[in-house]
> 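A single structure is presented below for examination.
What you are looking at is a predicted structure, and each value in this text was computed from that prediction instead of being measured.
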Amino acid sequence: MTGLKEKIDMMLRQVQKPARYTGSEWNAVQKDHTNVDLKMVLAFPDLYEVGMSNLGLKVLYEAVNRNDNYLMERVFAPAADMEEQMRVHKVPLFALESGRPLAEFDLVGFSLQYELCYSTVINMLDLAGIPICCRDRTDSDPLVVGGGPSTCNPEPVASFFDFFLIGDGEEALPELLEKLAGLKKAGLGRKEIIKGLSDLEGLYIPSFYEDQYNDGIYSGLVCTEPGAPLPVRKRVVKDLDKAVCPAAPPVSYLQAIHDRGVIELFRGCSRGCRFCQAGFIYRPVRRRSRETVVEAAKKTVALTGYDEISLSSLSSCDYPDIDLLIEELNAAFQGRKIKFSLPSLRLDSYSVKLAEQVHRGRRSSLTFAPEAATDRLRKVIGKNLSTGEIFSALDAAVEVGWQGFKLYFMIGLPTEERADVESIVDFCRDVRTRFKKKAGKKLDLSVSVSTFVPKAHTPFQWEPQISLAEIEERQRLLREGFKKIPGIRFSWHEAEASFLEAVFARGDRRLASVLEKAWQLGCRLDGWSEHFSFKLWKQAFEECSIRPEDYANRNFSLEDPLPWGHLHCGVSFDYLIRERENALDDARNWGVENE
Amino acid sequence: MSRLLFEFHRLETIRYISHLDMLRLFQRAFYRSGLPLEFSQGYNPHLKFNLAAPLPLGATAAGEYGEIELGAEVEPELFLDKLAPQLPGGLTLAGAAVLEDNSPALPSLVEAASYEAEPAGFSDLLSAQRAGAAIGGLMAADEVAIQKKTKKGKTVTVNIRPHIFETEALYSSIGLLKVKMLLKAGSAGGVAPAVVLGKLNDFTGGLMPAENWSLHRSGLYCLLDGQMNPLTEGMCFIQWIKK
Ligand code: SF4
């Protein structure tokens, strides 16, 4: 008989990129399982190279493993070839560090980055041999917790999770583990343990609330557990200078999507673009001081060997004294070939200058997100830049030698009209012509268009997504338009994937049946177009007698109870309502002011 | 300025990484080591560093070599002391030496590689006989054709028989121990061990699938006066320092 190790070796010899499953990376933490109070595995419902690029994973890994009493290992979604091997050879999903099955851990924590990972979560639970619904789990099964941005409306996956941690995790998770260790030591059963955790700030236990419907329409949650908080408030880390800044994360052997060190300059964004969930749920803005950032950069380089550090945030140029920071970093690494990168640049001349300083000819193209092509629509969504300003920023970029741009736009934004869509084509044509005149050489221009997805906790949370047919129609318009302009690379997001995202972004607990069905039909890794099958999803909705349009295209009224209304993610609904009013006013007044 | 040659072994824990992964792994280890590094010019400066020959994914190895240019004189002892703690478990340094200026570039020297494949799950006597027969068939053939995709995507037929220098099966009283191969390798072309094992499998009618072999590369060779010699014989260095 072959042992487990031989079996796994044989599996690894038959799959693509076997290093996804072998761990033992530089800085990976190996701890003795018999020597800790609590064992947790962080599960990332996407492929290794995506998960290993995630900043949250690095932060939590450090936040837990720096404490000798706990251990955190990692597991990622197996690719299709590996899943097949695991199922054929009956090998349960195992954690990378120790190779132990997930079922042997006390806590399994899923990082929920976006809605299209849900089927993969279910698949990973199943591969691990953990009952997918929490009501079927017994005392010997691990507890299952979810965290990450999608938990600001976790209702569609509520029945698969014992609880969620809402908001910043780096302080909350160690607190959770400490509590959990105490409760486990006391020999309590699953139910009592969950109850015992309930006073932890930021912890949301879905089974303590019951969802109610009136005539098939969501009518609110009722507390079924005395003392359960309502609303549940997200956790906020107050001081980023005192918070964990992971300088020694596991360094993957195979190339991660973002294969570099990363330091978070600040969390949150003060811009408040009205469609942007990140801009609201990560509030308030908290920043790391220059000293902390420079120190962290030095440590990261010394401990990882990365030659590139990304200075990350939602809008890097909004970091106060960013010039000074760059200067200090350059001084600290003088003569060492360490590169820095600044993602998420704003479209203004200042940012262009900054980009030039930082990227110094390493990159040939600059990425910007005007989001909308008309001044009117940009005003409505709160992206307050005029086309004139954008063009002068692009001019400045061309002058300092950039040879191309990547431009990101969105269709289906509230109040969008046909003219706004057509303007995207005109806008890009103008950029191209302008550039040709200016630089006299060929411009490398690529344009990517996504579809607006109304998200919970934004001023547009009540708005419908445009219908699937309408998305396709507007995409067709764009394709036709861009066909006439040579030399522009045009790409668009799959309409059906955006539609599905919209369904789950504002979904309620009834969608759990659809998720389970879709998974049974074979849906997983839906973020990858080679795996995404809308046909299977449609079948799942049909078999569950649920119309996805009722979610994606629903226009909530301000009085309607919202399925995520019991969660407080930092911004009050009153404020969101005011912002929504402002947006609609902006749309109405535009015509008047500009006539 | 100095150029150093070093020997390393790859063990089981990191056998499943690719050649590019290996290059990245070493680059990061060098960055962490604090050794005085030397870079190429240009916007994307890179280390002047090379491995002798790509290791197949999944293979362990002993007797692998790399070379690196450093920005200052560095004694091999110091080099080993600085680099060793920066290598992940599963990668061990065996020794190093300072190369002389006239020493040829490492990859250009490689002429052949020796491999040992151990069977996993089919090591009985019957398999031993089958392996023996398959090897006999393979070595007796004048031509061993494989299909290969060119860079342009066209499929062409290549005869790999000239690239197979030696193949032999080792037995014990209870069955097959391993298959040893000496195969052409290096920048002028060669054949991957998995391809040869695949051919052996064909000779057994599919009874020894390639994924059932555990692969080990035991050595690299260069050609001196028409003779295969250990790779280090082709390099010019003063003194080999063992780790
Ligand atoms: S779109 Fe960018 S700038 Fe606007 S709120 Fe979101 S993160 Fe901030």
Side-chain angles (χ1 to χ4, degrees), chain A residues 1-3 5-28 30 49 81-82 85 96-97 99 248 250-256 259-261 299-309 333 335-339 359-364 401, chain B residues 10-48 56-60 71 83 85-91 117-123 193-194 197 209-215:
Chain A
M1 244 340 271
T2 41
K5 204 187 151 297
E6 285 76 31
K7 220 182 202 176
I8 291 179
D9 266 328
M10 184 132 71
M11 290 158 58
L12 290 173
R13 283 195 282 269
Q14 296 180 72
V15 299
Q16 296 281 310
K17 299 194 184 179
R20 284 166 170 165
Y21 315 105
T22 52
S24 80
E25 304 93 332
W26 187 254
N27 289 336
Q30 298 280 357
E49 44 283 40
D81 56 354
M82 186 60 170
Q85 292 290 328
L96 289 189
E97 279 78 356
V251 179
S252 63
Y253 293 121
L254 53 89
Q255 198 161 20
D259 207 21
R260 56 185 89 104
K299 262 172 101 179
T300 303
V301 168
L303 297 175
T304 61
Y306 282 127
D307 62 354
E308 183 176 348
I309 303 280
F333 292 97
R336 322 248 314 263
K337 305 279 187 237
I338 305 297
K339 299 164 271 194
H359 299 142
R360 258 174 302 167
R362 264 191 298 129
R363 303 235 168 103
S364 53
Chain B
R10 185 162 94 171
L11 314 180
E12 285 197 0
T13 40
I14 57 162
R15 68 201 290 187
Y16 290 107
I17 69 176
S18 72
H19 179 57
L20 282 179
D21 298 340
M22 284 290 278
L23 294 175
R24 251 194 308 273
L25 175 167
F26 271 109
Q27 179 189 318
R28 286 174 183 153
F30 284 125
Y31 267 84
R32 291 190 297 262
S33 70
L35 285 164
L37 304 178
E38 186 69 9
F39 293 88
S40 64
Q41 300 297 313
Y43 274 135
N44 266 316
H46 48 263
L47 286 184
K48 295 186 170 173
L57 199 102
T60 55
L83 184 58
Q86 300 303 330
L87 293 179
L91 205 61
E118 277 184 48
F122 60 92
S123 51
L197 291 172
E211 64 265 21
N212 285 23
W213 296 98
S214 179
L215 201 62

> For A/K299, look at atom NZ and say whether over 12 heavy atoms of other residues, nucleotides or ligands are found less than 6.0 Å away.
no
> Go through the atoms of A/Q255 and report whether side chain, backbone, both or neither lie under 4.5 Å from a heavy atom of chain B.
both
> Would A/D259 and B/R28 count as a salt bridge (charged side-chain N to carboxylate O under 4.0 Å, His left out) here? Give the steps.
CA-CA 12 Å; A/D259 207 21; B/R28 286 174 183 153; 3.0 Å; yes
> Can you tell me how far apart CZ (B/F39) and CG (A/D307) are? Round to the nearest 0.5 Å.
8.0 Å
> Mind ranking B/R24, B/E12, B/R15, B/R32 by heavy-atom pairs under 4.5 Å with chain A and telling me who comes out on top?
B/R32
> Between B/M22 and A/Y253, is any pair of side-chain heavy atoms under 4.5 Å apart?
no
> Measure distances from B/P88 to the heavy atoms of chain A and classify the residue's part below 4.5 Å as side chain, backbone, both or neither.
both
> Flag the pair B/S214 / A/R13 as yes when at least one side-chain heavy-atom distance between them is below 4.5 Å, and no otherwise.
yes
> Are any of the side-chain heavy atoms of B/L25 and A/W26 separated by less than 4.5 Å?
no
> Heavy-atom pairs under 4.5 Å with chain B: which of A/S24, A/A19, A/P18 has the most?
A/P18
> Once you round to the nearest 0.5 Å, how far does CG of B/L57 lie from NZ of A/K17?
11.0 Å
> Go through the atoms of B/Q86 and report whether side chain, backbone, both or neither lie under 4.5 Å from a heavy atom of chain A.
both
> Measure the CD1-CD distance between B/I17 and A/E25 for me, rounded to the nearest 0.5 Å.
10.5 Å
> Is B/L87 close to chain A through its backbone or its side chain, or both, or neither, when contacts mean heavy atoms under 4.5 Å?
backbone
> Any side-chain heavy atom of A/R20 sitting closer than 4.5 Å to one from B/Y16?
no
> Give, for atom CG of B/N212 and atom CD of A/E6, the distance between the pair rounded to the nearest 0.5 Å.
11.5 Å
> Please report the C-alpha distance between A/L254 and B/S18 in whole Å, then the side-chain angles of each, then the deciding distance to 0.1 Å, and finally whether the side chain to side chain contact (heavy atoms under 4.5 Å, CB included) criterion is met.
CA-CA 8 Å; A/L254 53 89; B/S18 72; over 6 Å; no
> Drop me the distance from B/Y31's OH to A/T304's OG1, to the nearest 0.5 angstrom.
11.0 Å
